[in-house]
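Just so it is clear: chains get the letters A, B, ... in the order the sequence lines come, proteins before strands, and each one is counted from 1.
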Amino acid sequence: MKIATWNVNSVRTRLPIIEEWVKTSEPDIILLQELKCVNEAFPNEFIEDLGYNIALHGQKTFNGVAILSKFPIEDITINLPNFNDPQARYIEAFTGGVRVASLYAPNGSEVGSEKFSYKLSFYKHLCLHLEQVLQHNEPFLIGGDYNIAPTDADVHDPEKWKGSVLVSPEERTIFHQLLNLGLTDTLRDLHPEEKCQKEDWYTWWDYRSGAWHRNWGLRIDHILASSHAKEKLSAVGIDRDLRGMTRPSDHTPYWCQLK
DNA sequence: ATGGTTGCCTCGCAA
């Protein structure tokens, strides 16, 4: 079973790339972020014709997350149950024998800003909720745009990024707290940092400054796995080609395969 | 170089 996460940066604008990607990459479960549309405006028919069931949590203009699955989708939760969030950043459901969540963490704008506080608060409540989820001892995967690059190995130029959001010590501490709950960073499980010093696993390149062509990327999209899911982990990958296509998202899909 | 681009749908905001 293949599970992919992708920040599409507007689902309606991305339909041509989604169609081509689905036909070549063939994920069984897709976790989408930044739909940038309300549920009523979501291209249901288009996605169903590609063979997926849909669970949605949309929002006008900003944010919005979805779970697409070739299997029936059950037990859907919208928003973190412990966090009354006006922004659509979390959806969780049971499908194909696994529990999955699609996450769009706040960007945080600037370290110390009001939006940064909101990011920390969002993550605090996410940790508390995941603590509950992990008590159920079922295979669980949470994928999405975490807006955190866990270490300097995940940043094209750590010096340049120092002091910025996505790489701050506070955010990296939070990422480690997630791992300490019993979650595994699926990428680093199969490709540990010490073994891939010469390869990058970036998932996001800024639209600005020709970042893509200069490979100024960061790894900020992740899939974390519970122990029962990690046991079955067989492969991971990034569909990097999509970033070079016409009208691309600024993120690429990241996926993992379970036995 | 406080730069630069994209997507929302407004003439600005978020990323």
- request: Drop me the distance from A:W216's CH2 to A:W161's CH2, to the nearest 0.5 angstrom.
  value: 11.0 Å
task: Under the side-chain contact (heavy atoms from CB on, under 4.5 Å) rule, collect the residues that match up with A:A229, sequence neighbours excluded.
output: A:P139, A:L141, A:A225, A:S226
Salt bridge (Lys or Arg N to Asp or Glu O under 4.0 Å) contacts touching residues 37-63 of chain A (sequence neighbours left out): none
Without placing hydrogens or testing angles, list every side-chain donor-acceptor pair under 3.5 Å for residues 142-152 of chain A, not counting sequence neighbours.
from: A:D145; atom 1: OD1; to: A:N147; atom 2: N; distance (Å): 3.0
from: A:D145; atom 1: OD2; to: A:N7; atom 2: ND2; distance (Å): 3.0
from: A:Y146; atom 1: OH; to: A:I142; atom 2: O; distance (Å): 2.8
from: A:N147; atom 1: ND2; to: A:A105; atom 2: O; distance (Å): 2.9
from: A:T151; atom 1: OG1; to: A:A153; atom 2: N; distance (Å): 3.1
from: A:T151; atom 1: OG1; to: A:D154; atom 2: OD2; distance (Å): 3.4
from: A:T151; atom 1: OG1; to: A:E193; atom 2: OE1; distance (Å): 2.9
from: A:D152; atom 1: OD1; to: A:R172; atom 2: NH1; distance (Å): 3.0
from: A:D152; atom 1: OD1; to: A:R172; atom 2: NH2; distance (Å): 3.3

message: Suppose you measure atom P in B:dG3 against the same atom in B:dC13; what distance do you get, rounded to whole Å?
response: 16 Å
message: Roughly how many Å apart are B:dA15 and B:dC9, using the P atom of each and rounding to a whole number?
response: 16 Å
- request: Could you list the residues that satisfy salt bridge (charged side-chain N to carboxylate O under 4.0 Å, His left out) with A:D75, not counting sequence neighbours?
  value: A:R99
message: Work out how far the P atom of B:dC8 is from that of B:dG4, and round it to whole angstrom.
response: 23 Å
query: Reading nucleotides 7-15 of chain B 5' to 3', which nucleotides get B (base under 4.0 Å from a protein heavy atom), which S (sugar-phosphate only), which -?
result: SSS----SB
- request: With sequence neighbours excluded, tell me which residues meet side-chain contact (heavy atoms from CB on, under 4.5 Å) with A:K23.
  value: A:E19, A:L50
query: P atom, B:dA1 versus B:dC11: distance in rounded Å?
result: 33 Å
message: Rounding to an integer number of Å, can you tell me how far A:K160 NZ sits from B:dG3 P?
response: 14 Å
